[in-house]
Amino acid sequence: MTLAPAGHASTRAGNVTDDCHVRANPTPQSEREPGDRKLMDDLADCEGCIKRGVKCGGYGVRIRWSSDIWGPRRKRAAKSKGRCPPAGGSPLNTAVALSVAISALGLPGEESFYMKHYFQNISRIALAIDYDTNGYRSLLPMAMQEPAVLNAAIAVAASHYSRWQHTPDTVSRKYHRAAAKALHDRFMARNNIHRQDILATMLLLVSFEVFSGSSRWKEHFDAIRGWIRSRGNCSDLDPFLKTWVCLLDTQSSLNLGQPAMLELMPWLDATTDASPQNESVDALFGCSSKLVKLMWMASQLCTSSGQGPITRQEVCTRAESLQEQIRATAMMPGSKPMVEISCQRYSQPLTAIGMEPEELQRRVVSTAEIFRHSCHIYVYRIANGPEAALTEELQESLRTAQDLLTMVPDALGPGANLGWSLVVLGAEMDQVHEREYIESRLDGLHLLGLHNTKNGQKILEEVWAHKELVMQGQAMPESWQDAMQRIGQSQILV
């Protein structure tokens, strides 16, 4: 692979042999450790293109697959002969268009295959609601400009495909190493280190580890936190990437008790200010757009309650205030919410992709309400601890959430993002049949090939086993977060 015109160094994935991570401090002393098109159009055209009177193709490197590296087309065709076709095959026009576009790029067979899998399949199941301007699909232009993004996306796709098809994963680490090395080299050379393709690469590396069920995602997310702080003004970042960061930060805080990033509060204020009269759901989170910031605030309260000089009375007061705000996000059955990305002041109509409009609408509203009831229970536990019995109101929330789960019967569409809610709800269940139902729902999520849901199942199994010991007087009550930490699980659960 050759780069032109901005760069000339080869970044062929197969030639990279070292595995590295980039630390949060992007300085020359960093050591190796474990836009979409609109974004480019927003930048000024370069002087050369202006002089020639042509449309600027964008900044940064461009990728050319030259015959001296990959061989002539006839050799590539022979090499890929007999390769399995991509799984599934989406009927969506967008997926078909992307497939054609990726094929037209002239990528080698293996890279083209996994890029199609990423944009046709992963882009649909890695969020709660597929939508016309799906942010995962909008990464294609960026991937074709920056080798780090390209190799990271291929690594995610190759790793996921092997789990999805139950086949050995023999190639993903090659592309993971290539992405990590390209990222490391950018930081070492201080080459446009605050450009958002750096953020996109790090987010994809987080996804690689999360989808694999590995806790190494935390190292990459630490780097993201440091990158955001060193960058300062992030107003020009793509809203999808910002919402992606908010999802990770919220989950990290809710599950692990890590301090939430205060720098993200202005990002989430975009949702608070946007169209208060319209109901909307966040495509990445799967909950009401109004609930996204409240979940982030709940994570802050959880962290504060375990650290610092905050009194129990203050915790209870803040918890009750949060509960009131969470109640206000309720969606009535039959609601017709819009879909949006929380860090963007823009909503669009819910588009039925892959199922009947009425069915999708019912699932979206039910999923949003499951999140709301889960948040009620989560906030209650912050103020009361695992030993307290649920109040009558919270017991009703638990029963209602169980009923709503039957309205989202599988992992198709919004049901793909219920992992966190299943853990919160399951931790409150004592009846065998209730626990078996939650396990069956988690089994359904496993079929997506996203193994962070297996971590959720391990957590619940430990919680339930510990509850039995508590009933026998052999242990003290503990929260599901404490159980997770005790057994060495630290995972993003959505």
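Counting from 1, the numbers follow the sequence of the chain as shown. From a predicted model like this one, the values you see are computed outputs, not experimental measurements.
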E356 atom CD, over 12 foreign heavy atoms within 6.0 Å = no
Are more than 12 heavy atoms from other residues, nucleotides or ligands located less than 6.0 Å from atom CD of E324?
-> yes
Search all heavy atoms of V149 against all heavy atoms of A143 and return the closest pair with its distance.
-> CG1-CA, 3.7 Å
Side chain to side chain contact (heavy atoms under 4.5 Å, CB included) between N255 and V423, worked out = CA-CA 10 Å; N255 304 345; V423 171; over 6 Å; no
Hey, does the side chain of S214 reach the backbone of R216 with a donor-acceptor pair shorter than 3.5 angstrom?
-> yes
Give a yes or no answer on whether the side chain of N134 reaches the backbone of R124 with a donor-acceptor pair at less than 3.5 Å.
-> no
Grab the two heavy atoms, one from Q300 and one from A260, that are nearest each other, plus how far apart they are.
-> CG-CB, 3.8 Å
Donor-acceptor contact below 3.5 Å, side chain Q481 vs main chain G257 = no
Separation between NE2 (H451) and NE2 (H160), nearest 0.5 Å, reads 8.5 Å
Give the intermediate values and the outcome of side chain to side chain contact (heavy atoms under 4.5 Å, CB included) for residues R225 and D249.
-> CA-CA 9 Å; R225 292 163 68 101; D249 189 63; 3.1 Å; yes
Could you tell me whether a side-chain N or O of R363 sits under 3.5 Å from a main-chain N or O of L412, the two making a donor and an acceptor?
-> yes
Report yes if the side chains of Y378 and W420 come closer than 4.5 Å at any heavy-atom pair, otherwise no.
-> yes
Give a yes or no answer on whether the side chain of Q491 reaches the backbone of S215 with a donor-acceptor pair at less than 3.5 Å.
-> no
Check: L199 and V245 side chains under 4.5 Å, non-hydrogen atoms | yes
Heavy atoms only: give me the nearest S342-S289 pair and the separation to one decimal.
-> OG-O, 4.3 Å
Measure up the H220 and H176 rings against each other and bin them: parallel (under 30°), tilted (30 to 60°), perpendicular (over 60°).
-> perpendicular
Nearest-0.5 Å distance that lies between atom CD1 in I310 and atom CZ in R318 = 4.5 Å
SB check R137 D132 (cutoff 4.0 Å) | no
Minimum side-chain heavy-atom gap I326-Q323 below 4.5 Å | yes
Residues K293, D269: salt bridge by 4.0 Å N-O rule | yes
Side chain to side chain contact (heavy atoms under 4.5 Å, CB included) between F221 and I224, intermediate numbers included = CA-CA 5 Å; F221 190 60; I224 290 173; 4.2 Å; yes
Keeping the roles fixed (side chain from S280, backbone from P337), state whether a donor-acceptor pair exists under 3.5 Å.
-> no
Has the side chain of Q361 got a donor or acceptor atom that lies under 3.5 Å from a matching backbone atom of S335?
-> yes
C246 versus C343: any side-chain heavy-atom pair under 4.5 Å?
-> yes
How many angstroms lie between CD in E393 and NE2 in H373, if you round to the nearest 0.5 Å?
-> 10.0 Å
Ignoring hydrogens and geometry, is there a side-chain-to-backbone donor-acceptor pair from H117 to F113 under 3.5 Å?
-> no
Between the side chain of S138 and the main-chain N/O of G135, is any donor-acceptor distance below 3.5 Å?
-> yes
Report the C-alpha distance between Q402 and L425 in whole Å, list the side-chain angles of each, state the deciding distance to 0.1 Å, and finish with yes or no for side chain to side chain contact (heavy atoms under 4.5 Å, CB included).
-> CA-CA 8 Å; Q402 290 176 279; L425 300 172; 5.9 Å; no
Would a 4.5 Å heavy-atom cut-off, applied to side chains only, mark E462 and Q489 as touching?
-> no
Electrostatic pair E320-R327, nearest N-O below 4.0 angstrom = yes
Using a 4.5 Å cut-off on heavy atoms from C-beta on, say whether the side chain of F240 contacts that of Q344.
-> no
Minimal heavy-atom distance between Y118 and A153, with the atoms involved, is CD1-O, 3.8 Å
Could you tell me if the ring centre of Y114 sits under 6.0 Å from that of Y175?
-> no
Identify whether the distance between the nearest side-chain nitrogen and carboxylate oxygen of E461 and K458 falls below 4.0 Å.
-> no
Do the non-hydrogen side-chain atoms of K336 and L350 ever get within less than 4.5 Å of each other?
-> no
Test: E263 and R231 ion pair at under 4.0 Å | no
Within the 6.0 Å centroid threshold, strictly below: Y136 and W244 | yes
Can you tell me how far OG of S374 sits from CG of L422, rounded to the nearest 0.5 angstrom?
-> 8.0 Å
In terms of heavy-atom contacts, L442 and T453 come closest through CD2-O, 4.1 Å
Please confirm whether the backbone N or O of F211 pairs with a side-chain atom of R163, one donor and one acceptor, at under 3.5 Å?
-> yes
Decide, yes or no, whether a salt bridge links E439 with R435 under the criterion of side-chain N to carboxylate O below 4.0 Å.
-> no
Closest heavy-atom contact between T406 and Y437?
-> N-OH, 3.9 Å
Could you grab the distance from atom CG of L247 to atom CG of D282, nearest 0.5 Å is fine?
-> 8.0 Å
Rounded to the nearest 0.5 Å, what separation is found between the CG atom of L390 and the CD atom of E396?
-> 12.0 Å
Please examine the side chains of L418 and L405, heavy atoms only from C-beta on, and report whether any two atoms are closer than 4.5 Å.
-> yes
